[in-house]
Asker: 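After the structure tokens below, expect a handful of questions from me.
Along the sequence shown, the residues carry numbers beginning at 1. Counting starts at 1 for both ligands and their atoms, following the listed order.
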Amino acid sequence: MAPPTSAATTMIAAEPAPIGLDWASTALLIIDMQRDFLEPGGFGETLGNDVSQLARAVPPIAAVLAAARRIGLPVIHTREGHLPDLSDAPPAKVARGAPSLRIGDPGPMGRILIRGEPGHDIVPELYPRADEIVIDKPGKGAFYATELSDVLQKYGIETLLVCGVTTEVCVNTTVREANDRGYRCIVIADGCASYFPEFHAAGLAMIKAQGGIFGWVAESPAVLAAMAEQG
Ligand code: TIU
């Protein structure tokens, strides 16, 4: 999984403005494409959500993932979830709301949002390869209580292509964390989804407003076109 060596700048059509990047310092970050969020019987559905809303993000992510593998980009997958003893689950998170099943309760895909259970795993279409990085995170942001900063420094990453679910929760939280740490985030609009289409739209709008206050937003065809230039 050696990153590309070329330092040439590639332009990606994005909002609020086109962005140039160097593939040698770019990684693909796929947020929480887990069965617990996308399939019936998981955490997302226990919260009362229509999980079918998230399926639309899978084909664009699969296309970008295939291109990233082709050009040798580092690929980082994240998974939200907790240890079986819930020692990393804040009681305030477990107690939140009135879900049909709480974090740690047994469900049709195993214990809800617990590491190692079938529901915690990534959907088959986007399953990580053995040489890809998987970051387990207890929170919504991928930097909080994880090794993500160390991984990005190790690979010399400056720019992140970000996609996954949900747009306004874990994607937005991670992009804000990354932005504060100096990373440039290009969020793949059609590679993100929310249980609430209006929150998806607002979540993307917030990122690219004010001259790109948190980052850039691009559609997957624009990202794929730029990746095709690389190889
Ligand atoms: N509920 C919801 O929209 N999202 C989450 O709880 N986690 C993620 O976004 N991954």
Asker: Answer yes or no: is there an ion pair linking Arg115 with Asp88, defined by an N-O contact shorter than 4.0 Å?
Answerer: yes

Asker: Taking the side chain as everything from C-beta on, heavy atoms only, tell me whether Ile207 gets closer than 4.5 Å to Ile213.
Answerer: no

Asker: Could you tell me whether the side chain of Asp180 reaches within less than 4.5 Å of the side chain of Phe214, counting heavy atoms only?
Answerer: no

Asker: Check each protein residue for a heavy atom under 4.0 Å from ligand 1 and list those that pass, ordered by chain and number.
Answerer: Asp32, Phe37, Phe43, Leu47, Glu80, Lys140, Val165, Thr166, Val169, Cys170, Tyr195

Asker: What I'd like to find out is whether the side chain of Arg184 reaches to under 4.5 Å of the side chain of Trp216, using heavy atoms alone.
Answerer: yes

Asker: Scan for side chain to side chain donor-acceptor pair (under 3.5 Å) pairs involving residues 47-69, sequence neighbours excluded, and state none if there are none.
Answerer: Asp50-Ser52, Gln53-Arg56, Arg69-Glu132

Asker: Just so I know, are the side chains of Arg79 and Ile135 near enough to count as touching, which here means a heavy-atom distance under 4.5 Å?
Answerer: no

